[in-house]
2 protein chains.
Amino acid sequence: MSISQPPEENLGVLVRQVRDGMFHLFEHKLAQSGLELNLSQYLVLKRLAYHGVQTATELARAIDHDAGAMTRLLDKLEEKGYLRRQPHQEDRRALQISLTEAGQALWATMQACGEASMAVAVSDLNDAEQDQLVSLLKRVRNTLESK
Amino acid sequence: MSISQPPEENLGVLVRQVRDGMFHLFEHKLAQSGLELNLSQYLVLKRLAYHGVQTATELARAIDHDAGAMTRLLDKLEEKGYLRRQPHQEDRRALQISLTEAGQALWATMQACGEASMAVAVSDLNDAEQDQLVSLLKRVRNTLESK
DNA sequence: AAATGATGATTGCTTTGACAACTATATCGG
DNA sequence: CCGATATAGTTGTCAAAGCAATCATCATTT
């Protein structure tokens, strides 16, 4: 069966390698652009750019992070002036986190890095193959998240 | 184009989710079996089980780890009695690392965890689809590692 | 309305892994 | 053979992320 034949070419190893490869490529591109940010911070900005105001919990879930890690990640981005924390209107426990002007400007640059990295990663696949890959990965992800 | 249409369904996010999903499932299965080991340690044992004696550098490269991280990882596994470090015969800088009896016994148990996790992950794909997925991922990986 | 339990955010603690500096040994150019 | 350089492994330091505990607030139940 397809699961465990070759010593180090199985699905688990491959997914890991691809993930790490994309990760390194992306962080390299960020550094090249003079941006001192990491992937997690990028994902938070992306989420805010696409979904507008969010709570810390929403952000944590979106990027699959611990709440404590999110607090500290937000500290850094707020400190650098890319986002602001405001009290939530209806829930006094929660925050309303949004991008500042600087954050929105930053997002444009980072988005370019993200798209460039992705383009490199899939440069050997045609459109149909890309769709196929995405479709297969979605099914695996859905299987996994349904435990 | 297929790269960046849906907000959070692109290849990068998916690879990340699948990798994390498989990772958590596997570590959960290890814990269930009463094994206090993590994925990296598993990968080292796997490498030793399949390739016999290895140097620390070979192991580090095999699991894509820093040399310093490898030293400490080996410390833990040696301390628990799963492997031994012996001086290399031809190169006095290097080590010959091999599994102990306990390490080989442990490997059998861990292998079962690994295969069970993998089986869950791909349970929604038929054999042809699994091969397709592996093939596409290999191409992406090869593209990435050729920079 | 009070009590109980759930949720949002923060903080302290720990583990993991990267990076850099260092030592010892090996290899290569002259 | 000798000096320069590269490689193997170890160690110190750091940042990122997970977990547990805490506090405040919300929701539910009676």
Side-chain angles (χ1 to χ4, degrees), chain A residues 16-17 19-21 23-28 30-31 35-45 47-48 53-80 83-98, chain B residues 16-17 19-21 23-28 30-31 35-45 47-48 53-80 83-98:
Chain A
R16 192 177 140 89
Q17 289 173 334
R19 183 257 180 196
D20 290 349
F23 171 78
H24 288 128
L25 176 60
F26 177 68
E27 295 221 324
H28 179 250
L30 281 186
L35 302 177
E36 298 196 343
L37 294 169
N38 62 28
L39 177 62
S40 302
Q41 293 167 342
Y42 163 84
L43 292 172
V44 165
L45 296 182
R47 177 82 187 180
L48 288 169
V53 177
Q54 298 271 286
T55 69
T57 300
E58 283 170 332
L59 291 173
R61 278 202 263 265
I63 74 165
D64 221 336
H65 254 51
D66 178 77
M70 184 53 59
T71 292
R72 286 179 257 252
L73 197 163
L74 293 175
D75 288 344
K76 299 228 172 74
L77 290 177
E78 187 177 33
E79 186 179 308
K80 292 183 181 177
L83 54 79
R84 77 192 123 237
R85 287 188 247 222
Q86 292 171 310
H88 197 284
Q89 314 250 316
E90 290 118 31
D91 187 340
R92 289 196 293 167
R93 297 168 301 179
L95 297 173
Q96 281 189 325
I97 297 160
S98 53
Chain B
R16 192 176 140 91
Q17 289 173 335
R19 183 260 180 195
D20 290 349
F23 171 77
H24 288 128
L25 176 60
F26 176 67
E27 295 220 324
H28 179 249
L30 281 186
L35 302 176
E36 300 196 342
L37 295 169
N38 61 28
L39 177 61
S40 301
Q41 293 166 341
Y42 163 85
L43 291 172
V44 165
L45 296 182
R47 178 82 187 180
L48 288 169
V53 177
Q54 299 272 286
T55 69
T57 299
E58 284 170 332
L59 291 172
R61 279 202 263 266
I63 75 166
D64 222 335
H65 254 52
D66 181 69
M70 183 53 60
T71 292
R72 287 178 257 254
L73 195 163
L74 294 175
D75 288 344
K76 297 225 175 77
L77 290 177
E78 187 177 34
E79 185 180 308
K80 292 183 180 177
L83 54 79
R84 77 192 124 236
R85 285 189 247 222
Q86 290 171 312
H88 197 284
Q89 315 250 315
E90 291 118 32
D91 187 340
R92 287 197 294 168
R93 297 167 301 177
L95 297 173
Q96 283 189 323
I97 296 160
S98 55

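Naming: A, B, ... by sequence-line order, numbering from 1 per chain. The analysis underlying the following values was restricted to heavy atoms, covering all of them including side chains, and did not include hydrogens, waters or symmetry mates. Predicted model, so just to flag it, every value in this text is computed and none were measured.
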Tell me the interatomic distance from [X], atom [atom1], to [N], atom [atom2], rounded to whole angstroms.
X: Gln54(B); N: dA8(D); atom1: CD; atom2: P; result: 13 Å
X: Asp75(A); N: dA9(C); atom1: CG; atom2: P; result: 13 Å
X: Leu73(B); N: dA18(C); atom1: CG; atom2: P; result: 11 Å
X: Leu59(A); N: dT10(C); atom1: CG; atom2: C1'; result: 16 Å
X: His28(B); N: dG18(D); atom1: NE2; atom2: P; result: 17 Å
X: His24(B); N: dA17(D); atom1: NE2; atom2: C1'; result: 10 Å
X: Leu43(A); N: dA17(D); atom1: CG; atom2: C1'; result: 14 Å
X: Leu74(A); N: dT11(C); atom1: CG; atom2: C1'; result: 14 Å

May I ask you to say what [X] touches in the nucleic acid, namely base, sugar-phosphate or nothing, with a heavy-atom cut-off under 4.0 Å?
X: Ala67(A); result: base
X: His65(A); result: sugar-phosphate
X: Asp91(A); result: sugar-phosphate

Quiz item: Considering only heavy atoms from C-beta outward, does the side chain of Asp64(A) approach that of Leu43(A) to under 4.5 Å?
Solution: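 No, their side chains stay 4.5 Å or more apart.
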Quiz item: Checking side-chain hydrogen bond (donor to acceptor under 3.5 Å, both in side chains) against Asp91(B), which of Gln89(B), His88(B), Arg93(B) comes through?
Solution: Arg93(B)
Quiz item: CZ/Phe23(B) to CG/Asn38(B) distance, rounded to the nearest 0.5 angstrom?
Solution: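 Rounded to the nearest 0.5 Å, the CZ-CG separation comes out at 7.0 Å.
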Quiz item: How about Glu36(A): does its CD atom have over 12 heavy atoms from other parts shown lying under 6.0 Å from it?
Solution: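 12 or below, so no.
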Quiz item: After noting the C-alpha distance and the side-chain angles of Val44(A) and Met70(A), does the key distance pass the side-chain contact (heavy atoms from CB on, under 4.5 Å) rule?
Solution: CA-CA 9 Å; Val44(A) 165; Met70(A) 184 53 59; 4.0 Å; yes
Quiz item: Has the side chain of Arg92(B) got a donor or acceptor that lies under 3.5 Å from a partner of the other kind on the base of dT25(C)?
Solution: no
Quiz item: If you pin Arg93(A) and Gln41(A) to their nearest nucleotides in DNA chain D, which one's is more 5'?
Solution: Gln41(A)
Quiz item: Mapping Arg72(A) and Gln96(A) to their closest nucleotides on DNA chain C, which lands nearer the 5' end?
Solution: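 It is Gln96(A) whose nearest nucleotide is closer to the 5' end.
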Does a side-chain N or O from [X] land closer than 4.0 Å to OP1 or OP2 of [N], or not?
X: Asn38(B); N: dT16(C); value: yes
X: Ser40(A); N: dA17(D); value: yes
X: Lys76(B); N: dT15(C); value: no
X: Arg85(B); N: dA8(D); value: no
X: Thr57(B); N: dG9(D); value: yes

Quiz item: Can you tell which of dA18(C), dT10(C), dC19(D) lies closest to the side chain of Leu95(A)?
Solution: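 For Leu95(A), the side-chain atoms sit closest to dT10(C).
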Practice problem: Look at the side chain of Ala94(B) and decide which nucleotide, out of dA18(C), dC19(D), dG9(D), has an atom nearest to it. | Solution: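 Nearest to the side chain of Ala94(B) among the choices is dG9(D).
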Self-check item: Candidate pair Leu39(B) and Arg16(A), rule side-chain contact (heavy atoms from CB on, under 4.5 Å), full reasoning
Solution: CA-CA 11 Å; Leu39(B) 177 61; Arg16(A) 192 177 140 89; 3.9 Å; yes
